[in-house]
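Residue numbers run from 1 in the order of the sequence given.
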Amino acid sequence: MKRMKIYNPKRFWSGIFFAVMTTLLITLMILDWTRPNGRPLNSLVIIVLSLLFAIVNIRLGFSPDSKKQDAIEAQDERNRVINERSRAQTTRIMLGVLITVSVLGGISYIFIRTAVILTIFALATALTNLYFYVWIGTTVYYNRKL
């Protein structure tokens, strides 16, 4: 009997994860079957999609061509540049959001003194400060590395 080899473990374990999740969803649906509001259509759709995703990923886990294709895509310079630029843009946008929330939280706390606004202001300010600390740390690290 021929032994099957797993060529792409990442996809294989992803497929196993979705197979387990599908099994749990089916079990929960069967247990919920007796309730009058049970058996919703969206649960069936999620189960079918999860099962298809599991089957495809497990099948690709056993395919040697899938591993080669993933290696080619990972090494593609264009994809790496796009990912780096999108991460940088996301970071800039999130920094702008955090600064805006910090400023608006500070201004609104002046007029409305509630603990909720103070908490939002404090969290946004702490995350903004954390961003700057990480930015300074990575700048120093890469300056030493270069």
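- Considering CD1 of I47 and CE of M21, their distance stands at 10.5 Å, rounded to 0.5 Å.
- Linking Ile, Leu, Val, Met, Phe, Trp and Tyr whenever their side-chain heavy atoms come within less than 4.5 Å leaves I46 and L51 in two separate clusters.
- Screening V97, I93, I99, T91 against L95 for a side-chain contact (heavy atoms from CB on, under 4.5 Å) leaves a single residue, I99.
- Residues N8 and L60 fail the side-chain proximity criterion, which asks for heavy atoms closer than 4.5 Å.
- A donor-acceptor pair under 3.5 Å links the side-chain atoms of T125 to the main chain of F121, judged by distance alone.
- Remark: T22 OG1 to L49 CG distance equals 9.5 Å, nearest 0.5 Å.
- In terms of hydrophobic clustering, with Ile, Leu, Val, Met, Phe, Trp and Tyr side chains grouped at heavy-atom distances under 4.5 Å, L118 and L104 are assigned to different clusters.
- Rounding to the nearest 0.5 angstrom, the gap separating the CD1 atom in I112 from the CD1 atom in I110 is 11.5 Å.
- For the atom pair CD1 of I107 and OG of S102, the computed distance is 11.0 Å after rounding to the nearest 0.5 Å.
- Taking the centre and axis of the six-membered ring of Y109, the NZ or CZ atom of R113 falls inside the cone set by 45° and 6.0 Å.
- Residues N57 and F12 have side chains not in contact (no heavy-atom distance under 4.5 Å, counting atoms from C-beta outward).
- Residues V101 and V116 share a hydrophobic cluster, clusters being chains of Ile/Leu/Val/Met/Phe/Trp/Tyr side chains in contact below 4.5 Å.
- By the criterion of side-chain heavy atoms lying less than 4.5 angstrom apart, applied directly or through intervening Ile, Leu, Val, Met, Phe, Trp or Tyr residues, L52 is not grouped with L25; the two fall into different hydrophobic clusters.
- In plain terms, the two heavy atoms of G105 and I117 that are nearest each other are O-CG2, 3.6 Å.
- Note that CZ of F53 and CD1 of I58 are 11.0 Å apart. Values are rounded to the nearest 0.5 Å.
- Taking hydrophobic clusters as Ile, Leu, Val, Met, Phe, Trp and Tyr residues chained together by side-chain heavy-atom distances below 4.5 Å, Y133 does not share a cluster with V140.
- Rounding to the nearest 0.5 angstrom, the gap separating the CZ atom in R92 from the OH atom in Y131 is 8.0 Å.
- Of all the heavy atoms in G15 and A54, the pair that sits closest is O-CB, 3.4 Å.
- Of the residues listed (L123, L127, V103), the one engaging L98 in a side-chain contact (heavy atoms from CB on, under 4.5 Å) is L127, and it is the only one.
- Judged purely by atom type and a 3.5 angstrom limit, S14 has no side-chain atom pairing as donor or acceptor with the backbone of K10.
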